[in-house]
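The block underneath contains the structure these notes are about, expressed in structure tokens.
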Amino acid sequence: MAKKSSNEMTGWVGWIGFASLMLYLVGIFHIIAGFAALFNDKVYAVGPNAFWILDLTQWGWIHTLGGVLAILAASSLLKGGVFGRTVAVLVALFSAVVNMAFVPVYPIWSIIMVTIAVLVMWAVVVHGDEVKDVK
């Protein structure tokens, strides 16, 4: 079995395109969730103890800023550099943590977002070095 050279691209490079697309999608979803929390108090119907440490306005800002970071990370990931891959993994990790904390408010939505973040991290960590050869 021949070993892959450092300049050879495999079919797995599509996972980086997938990761970038998912990061864009996660960013948009975070911004929507953030705006919903900031501008419409009736969107999230929860009891007095449902929020974990922070109130609704703080969660709104965290989601909005996280969304902007995810979109920037997706753009950086498409360039293929180590910095872009590192930022993409860190933003996906941040997204997973924030959404795990948001489970009491929207459990199904949060679990879907965590799953997408894990797929992004897997794609970038396992196949991220292949995108640098696609230019």
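Scope of the values below: all heavy atoms of this structure, side chains included, with no hydrogens, waters or symmetry mates. All figures in this text were calculated on a predicted structure; none of them were measured in a lab.
A distance of 10.0 Å separates CG of L25 from CD1 of I71, quoted to the nearest 0.5 Å. To the nearest 0.5 angstrom, L38 atom CG is 11.5 Å from I31 atom CD1. Atom CG of N99 sits about 9.5 Å away from atom CZ of F94, to the nearest 0.5 Å. I116 contributes atom CD1, which lies 6.0 Å from atom CZ of F29 (distance to the nearest 0.5 angstrom). For the atom pair CE (M113) and CE (M22), the distance works out to 10.5 Å, reported to the nearest 0.5 Å. In this structure, the separation between CG on L78 and OH on Y24 is 5.0 Å, given to the nearest 0.5 Å.
There is a path of hydrophobic side-chain contacts, each under 4.5 Å, that joins V103 to V114. In this structure, L69 is a member of the same hydrophobic cluster as L119, with clusters built from ILVMFWY side-chain heavy atoms closer than 4.5 Å. Under a hydrophobic clustering in which Ile, Leu, Val, Met, Phe, Trp and Tyr are joined whenever their side-chain heavy atoms come within less than 4.5 Å, directly or via other members, I32 and V68 fall into the same cluster. Hydrophobic clustering keeps M100 apart from L65 (ILVMFWY residues linked when any side-chain heavy atoms are closer than 4.5 Å, directly or through intermediates). Residues L90 and V118 are members of separate hydrophobic clusters, defined by side-chain heavy-atom contacts under 4.5 angstrom among Ile, Leu, Val, Met, Phe, Trp and Tyr.
Applying the 6.0 Å contact sphere to CZ of F18 captures more than 12 heavy atoms from other residues, nucleotides or ligands.
Of all non-hydrogen atoms in G27 and A70, the two that sit nearest each other are CA-CB, 3.6 Å. What you find for M121 and A92 is that their closest heavy atoms are CG-CB, 3.5 Å. Nearest heavy-atom pair, A19 versus A123, reported as atom, atom and distance to 0.1 Å: CB-CB, 4.0 Å.
Between the side chain of S95 and the main chain of V91, no donor-acceptor pair closer than 3.5 Å is present. In terms of modelled atom types and a separation under 3.5 Å, the side chain of T86 and the main chain of V82 share a donor-acceptor contact.
Just one residue in the list L93, I16, T115, L23 forms a side-chain contact (heavy atoms from CB on, under 4.5 Å) with V120, and that residue is L23.
Within the 4.5 Å cutoff, side-chain heavy atoms of L77 are placed close to those of V124.
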